[in-house]
Protein chains: 2
Amino acid sequence: MATNSLTLESVRHSLIRQEDSIIFSLIERAHFPINSPTYSQSYVSNSIHTFSGPLLRFVVKETEALLAKAGRYANPEEHPFFPEDLPPSVVPPHNFAKFLHPPAASININKDIWDTYINKLLQLFVAPGDDGNYASTAASDLVCLQALSRRIHYGKLVAEVKFRESPQEYEPAIRAKDRDTLMKLLTFEKVEEAVMKRVAKKAMMFGQEVTLNKDGNHGKYKVDPSVVSRLYGDWIMPLTKHVEVEYLLRRLD
Amino acid sequence: MATNSLTLESVRHSLIRQEDSIIFSLIERAHFPINSPTYSQSYVSNSIHTFSGPLLRFVVKETEALLAKAGRYANPEEHPFFPEDLPPSVVPPHNFAKFLHPPAASININKDIWDTYINKLLQLFVAPGDDGNYASTAASDLVCLQALSRRIHYGKLVAEVKFRESPQEYEPAIRAKDRDTLMKLLTFEKVEEAVMKRVAKKAMMFGQEVTLNKDGNHGKYKVDPSVVSRLYGDWIMPLTKHVEVEYLLRRLD
């Protein structure tokens, strides 16, 4: 997307579209059971190996390395989970629009997103069990993590658009480093309630068993719509606003 | 899934579920424009590089290498696009059910799937344009390719289940190496028509703009439902049956 022409409307449109990506990724992950060896410190290190630690860590770190070579992180909307030691891009540089204030680049809360995903979210929407597909499970987790990370760090763009629309509204709190006031300025409860309702509805639309004879399956969904609502209410929206606050605190640097 | 207890019903259930994965992956890919440098022979080789050839090839080959280390291809339902030079798995072996007749392992039509996807399918559902996100586009293509490959090679399981249910129906044509008769035995036009209708309906359900006020958006979808129908009718189902025929031809070896 052309980030040089961002408006509150285009940012809102992207956030809504990203809801679909997040819900698709959760439904895809939910096809596998929890497959806990994917996250275990000891699963790989007990065998002949070229790496140690959780398999998910290996799959995410190695995938990010190859996508970095392919130029993925030249786009300021993408944030790696393992930014240390990323190899440089080997493709011709693309001229991505410079919409954000440069200190934005230092904000990366993927460690929080990772911990929340593994320790809190997974067990809410994935069934117990083990089918042995740990590599595919990790690849599926990576798609979830990337979708969540993209949505949450999109807070940088949200904050920039809001700041440009009325800088005078934010400047006093920014100068005072007043996180609470900034958080209040960025919070619209009615909007958040509408988002939580919409994502639950999407989880119903996308997670139903579609058949030719009837519409929907009334109460049985691939991912519980109330979990998706809660994911947004408890984590995605608060973490997005956290990114917005961090961004605004650096906006006058 | 426990492939040791496969029935025609469980195979059918998996095929229906995989429709969702395929449609989700197409919708996700359609967020990007065509981004043709992703597929160009010359895009990378013009720069300082550690690889040459299309970026998609690099991303798929390297991702498959790391997923091979993580054990993905130990599952006989997964087929790499670049099976040559895959590194061995470094994780403890998982005991996947041995449901298929061993010569099945030699069947891999991913080259056809790759060519069809790049040269025929992509331009049917992706808009023209270039937003510079080639690495993310390639990652998104990989998800599509994997979903298509998994569905089409699932023909091995379909053929095995059908063969076990009535071996006497297939044995004469297998012994005569009579592809045409096998293809006829495996073709059920009414079922195929129902699949084409169902996937179009799913493309409508999953590709609509979901809002709180109204249901659906009457005619505007993220991926054209008729393209999804055609994808199934022209490519997925014929290629699946091709895999089924190839499998059956080896079934008495």
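Letters go in sequence order (proteins before strands), and every chain restarts at 1.
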task: Pick one of side chain, backbone, both or neither for B/Glu19, based on which atoms fall under 4.5 Å of a heavy atom in chain A.
output: neither

message: To the nearest 0.5 Å, what is the distance between NZ on B/Lys69 and CG on A/Leu55?
response: 12.0 Å

Segment of A/Gln146 engaging chain B (4.5 angstrom heavy-atom cut-off): neither

query: Any side-chain heavy atom of A/Pro37 within less than 4.5 Å of one from B/His94?
result: no

- prompt: Quick one: are A/Phe96 and B/Asn133 in side-chain contact, heavy atoms under 4.5 Å?
  reply: yes

query: Where on A/Ala194 is there a heavy atom nearer than 4.5 Å to chain B: the side chain, the backbone, both, or neither?
result: both

Derivation and outcome, side-chain contact (heavy atoms from CB on, under 4.5 Å), residues A/Tyr134 and B/Val91: CA-CA 10 Å; A/Tyr134 313 134; B/Val91 300; 5.9 Å; no

Contact origin within B/Ile23 toward chain A - heavy atom pairs under 4.5 Å: neither

statement: dist B/Glu193:CD -> A/Leu212:CG (nearest 0.5 Å) comes out at 11.5 Å

Interchain contact, B/Leu67 with chain A, by part (heavy-atom threshold 4.5 Å): both

field: Atom pair CD (B/Glu62) and CD (A/Glu62), whose distance is rounded to the nearest 0.5 Å
entry: 9.5 Å

message: I want to check something: taking the side chain as every heavy atom from C-beta on, are B/Val143 and A/Glu28 in contact at a cut-off of under 4.5 Å?
response: no

field: Minimal non-hydrogen separation, A/Ala70 against B/Ala135, with atom names
entry: O-CB, 3.4 Å

- prompt: Does a side-chain heavy-atom distance below 4.5 Å link B/Val210 with A/Phe206?
  reply: yes

- line: Rounded to the nearest 0.5 angstrom, the OG1-CG distance for B/Thr63 and A/Leu66 is 4.5 Å

- line: Looking only at B/Arg72, B/Glu78, B/His31, B/Lys202, most heavy-atom pairs under 4.5 Å shared with chain A are made by B/His31

message: Do A/Ile16 and B/Glu209 have side chains that approach each other closer than 4.5 Å (heavy atoms only, starting at C-beta)?
response: yes

- request: Examine distances only and state if a side-chain atom of B/Lys201 and a backbone atom of A/Thr211 form a donor-acceptor pair shorter than 3.5 Å.
  value: yes

